[in-house]
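A short write-up of the structure that comes next.
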Amino acid sequence: MKFYSTNNKALRTDFKNAVFNSLPADKGLYMPEEIPKLDPLFIKNITHYSLQEIALEIAKIYVGDDIPAAALKNIVEDAINFEAPIRFLDSETGVLELFHGPSFAFKDFGARFMSRIMGYFSREDDQLLDVLVATSGDTGGAVALGFLGVPGTRVTILYPKGKVSKVQEQQLTTNGQNIRAIEVEGTFDDCQALVKQAFNDPEVNKQMRLTSANSINISRLIPQTFYYFWAYAQLRAQGISDVVFTVPSGNYGNIGAGLLAYKMGLPVTNFVAATNANDTVPRFLTSGTYEPKPSVQTLANAMDVGDPSNWVRIQDLFNYDLSALQHLICTYTYDDEATLAGVQEMYDQYGYVACPHTAIAYLASKAYRAAHPGTYASILLSTAHPCKFPDAIPPALFKQVKVPAGADYLARGEKQAVPMQANYDAFKTYLIAHK
Ligand SMILES: *Cc1c(COP(=O)(O)O)cnc(C)c1O
């Protein structure tokens with residue numbers, strides 16, 4: 001399948017180019033030229049399939065022309081090697097836990113799939129593939145652990161000093177092998193600016209083969225559709241076929257994948273976009289005017305995005321039809337105080353300790369149900385394990401949070417990070433000296 005730019009549908013490229021370039025030259029986003037419906041028989045019989053089998057069925061549609069079946073099967077099975085169970089809070093509300101991968105966040109789906117796709121496409125290249133990534137916390141961990149040990153690749157992560165949680169920092173800095181971390185004296189925006197400058201620097205690009213791992217890469221979007229179908233399969237196995245998904249949203253990649261799944265024939269009644277104070281999309285869906293704002297810092301910091309990059313993709317998916325989007329997507333917004341209360345309420349009512357992003361989804365799904373009574377299942381997407389967000393969970397609850405087993409090696413490793421000022425010359429000198 002070919003992929004077009006949302007700025008110019010005539011501009012088409014193959015999957016490999018779309019993955020390595022991340023963005024078309026015209027700064028649109030890549031979208032698949034076709035969105036085939038899954039075979040209705042497959043959807044009817046979906047309870048017979050595992051998460052990996054569902055994933056492979058979907059991956060084949062988009063990637064089947066570019067990667068032979070046996071190799072694609074290996075990629076999918078190696079990438080999606082963890083569970084995504086639904087935990088029911090009560091008979092009508094379930095939490096789809098997407099945090100059972102190595103970095104304890106849903107970004108593992110995208111990062112692991114992308115890393116293996118990139119590894120596959122560069123398997124015969126002599127030159128190392130250098131992935132540069134700026135992170136405010138969650139993306140870096142998923143990319144680091146996703147690429148760890150993938151032959152032919154190396155990852156350089158820039159993160160803001162003192163602004164990521166302990167578990168996040170361990171995920172970024174204790175890996176060694178093909179992963180290196182730079183601790184920047186500055187903010188996430190400074191980190192992102194350094195990465196952008198490197199991508200635009202001809203001298204660096206002459207000496208290194210750079211690529212980006214950011215969330216707008218099409219190879220991160222596709223694997224995020226897998227778990228929507230898998231959630232549906234789990235519901236169907238319980239005799240439930242009406243579902244509303246509530247997605248805590250920042251850059252709108254996660255919900256964008258859900259909407260793509262919907263276009264592929266997944267029967268979904270409604271989507272709920274749950275946000276923190278960064279409410280550009282909720283305001284747009286109300287007013288019809290897209291007015292991005294600088295991001296504001298919140299407790300659910302993985303959603304602190306004032307101008308969500310994936311929103312154009314969603315617009316493109318619906319041919320810029322505002323009323324279609326208004327019918328399909330409901331939005332609810334919560335401030336930090338409400339978020340903390342939501343974390344507490346999930347614990348008090350259900351004994352469930354959730355990360356702040358998940359708590360926002362919980363509040364939104366509750367508000368949606370109050371406004372739309374019915375017999376459907378409310379499935380809220382839990383995007384991260386609570387252990388990553390100690391500052392956003394009341395201390396008495398956080399005491400009960402255990403870092404999942406399997407991550408013990410993170411605690412044992414020594415922190416290895418290069419300290420750096422937020423200064424491009426310093427970054428460039430480092431890159432070239434260690435190329
Ligand atoms: C990245 C992230 C989000 C936001 O997802 P988008 O795809 O950017 O909307 C929400 N919660 C957590 C924990 C995340 O890491």
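For ligands, and for the atoms within them, numbers begin at 1 and follow the listed sequence. Owing to the predicted nature of the structure, the values given are computational and were not obtained by experimental measurement. Values reported hereafter were calculated over all heavy atoms of this structure, with side chains retained and with hydrogens, waters and symmetry mates removed.
Using modelled atom types, one finds no donor on one side chain facing an acceptor on the other under 3.5 Å when comparing Tyr290 with Gln315. Side-chain contact of Asn270 with Tyr376: a donor-acceptor pair under 3.5 Å is absent, judged by distance alone. No side-chain N or O of Gln168 forms a donor-acceptor pair with one of Tyr159 less than 3.5 Å apart. Side chains of Thr339 and Asp336: a donor-acceptor N/O pair is absent below 3.5 angstrom, by distance only. Between the side chains of Asn310 and Arg313, at least one donor N or O lies within less than 3.5 Å of an accepting N or O.
Atom 5 (O) of ligand 1 has Phe106 CZ, 3.4 Å as its closest protein atom, hydrogens excluded (heavy atom only). Of the protein's heavy atoms, Asn251 N, 2.8 Å lies nearest to atom 8 (O) of ligand 1. Protein heavy atom closest to atom 11 (N) of ligand 1, with residue, atom name and distance, is Thr383 OG1, 2.8 Å.
Geometrically, ligand 1 and Asp138 share a nitrogen or oxygen pair separated by less than 3.5 Å. Polar contact with ligand 1: present for Gly253 (N/O pair, distance under 3.5 Å). In terms of polar-atom proximity, defined here as any N/O pair under 3.5 Å, Gly250 does make such a contact with ligand 1.
Annotation: side chain to side chain donor-acceptor pair (under 3.5 Å) contacts of Tyr227 (sequence neighbours excluded): Asn254.
Figure legend: Lys263 and Phe318 shown as a cation-pi pair, the cationic atom lying under 6.0 angstrom from the six-membered ring centre and within 45 degrees of its axis.
Residue-ligand proximity, Asn254 to ligand 1, at heavy-atom distances under 4.0 Å covers atoms 7 (O). Atom numbering of ligand 1 starts at 1 in the shown order; those under 4.0 Å from a heavy atom of Tyr252 are 6 (P), 8 (O), 9 (O).
Heavy-atom distances between Ser249 and ligand 1 reach below 4.0 Å in at least one pair.
For Lys107, every heavy-atom contact with ligand 1 shorter than 4.0 Å involves the side chain, none the backbone.
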